[in-house]
Amino acid sequence: MRLDRYLATHSDATRTLAKMAIKTGRVAVNGSVVKDQGKKVKPDDVVSINGRELKESGEVYLVMNKQAGVICATQDEEQDTVLDFLDGYTHKELHIAGRLDKDTTGLVLITSDGKWSHRVTSPNYVCEKVYLLESVIPIQGSYIEEFSNGILLRDESKLTKPAKLEILTENTARLTLTEGKYHQVKRMFGAMGNRVTKLHRESVGEVTLADLQEGEFRELTQAEIDSF
Ligand code: URA
């Protein structure tokens, strides 16, 4: 397939934009800049635009370390959304696979692939989400068993699924959930008469933040994409 056509079908660039990107030296094939729009791309070639490798499907899969104060929405008139921080990623179908509260920091998955995000967030798909938290009053050892047995949250008809609590210090813990009910961590601590004052998501399934700093994002590897 011609390079300009390849770009137009594997990214959200139009053919005109693709041609411009090639002309201005922003497109590389197997690591070398190519300025010939008609260059033939073979199935095994790795094509990148602005240093970003294009996926065979044309879909985008990102992980971001969200800062506090940024909302998990695709658009907002007044507040910063995670999508506002994704420089260079303009795919019109980009959306968040599993939201965090405005004051929660940490791992957020962002994709243009609706089927994939459905799998990530489906209640039928078991996927561990690991949170670090701080609470206003000391965390009691008794929470461990209560969370492991499941608790009934207000306005819910079913117990929460077994969750693993690891108490780290008097007021900090690591909590592993396999579901994602609305405000779940805060509501679980609320049900214990406690209150979460800081919340951070460390991982979702096999995806971790590794060394991503707050506000930074990266593309998922193919193995991470396939792990869901
Ligand atoms: N649980 C919460 O209460 N808030 C989050 O942001 C994520 C999980």
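All ligand and atom numbering here is 1-based and tracks the order in the structure.
Arg119 and Tyr125 share no side-chain donor-acceptor pair at under 3.5 Å. A donor atom on one side chain and an acceptor atom on the other are not found under 3.5 Å apart for His95 and Thr74. A donor and an acceptor atom, one from each side chain of Ser112 and Glu59, are located under 3.5 Å apart.
Sorted by chain and number, the heavy-atom contacts of ligand 1 below 4.0 Å come from Leu100, Asp101, Thr104, Tyr131, His183, Gln184, Val185, Lys186, Leu199.
Looking at Lys164 and Glu128, no side-chain N of the basic residue comes within less than 4.0 Å of a carboxylate O on the acidic one, giving no salt bridge. Between Asp4 and Lys39 there is no salt bridge, since none of the side-chain N atoms of the basic residue sits less than 4.0 Å from a carboxylate O of the acidic one.
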Side-chain donor-acceptor pairs under 3.5 Å in residues 24-34, sequence neighbours left out?
from	atom 1	to	atom 2	distance (Å)
Thr24	OG1	Met20	O	2.8
Thr24	OG1	Ala21	O	3.3
Thr24	OG1	Arg26	NE	3.2
Arg26	NH1	Asn50	OD1	3.4
Asn30	OD1	Val46	N	2.7
Asn30	ND2	Asp45	OD1	3.0

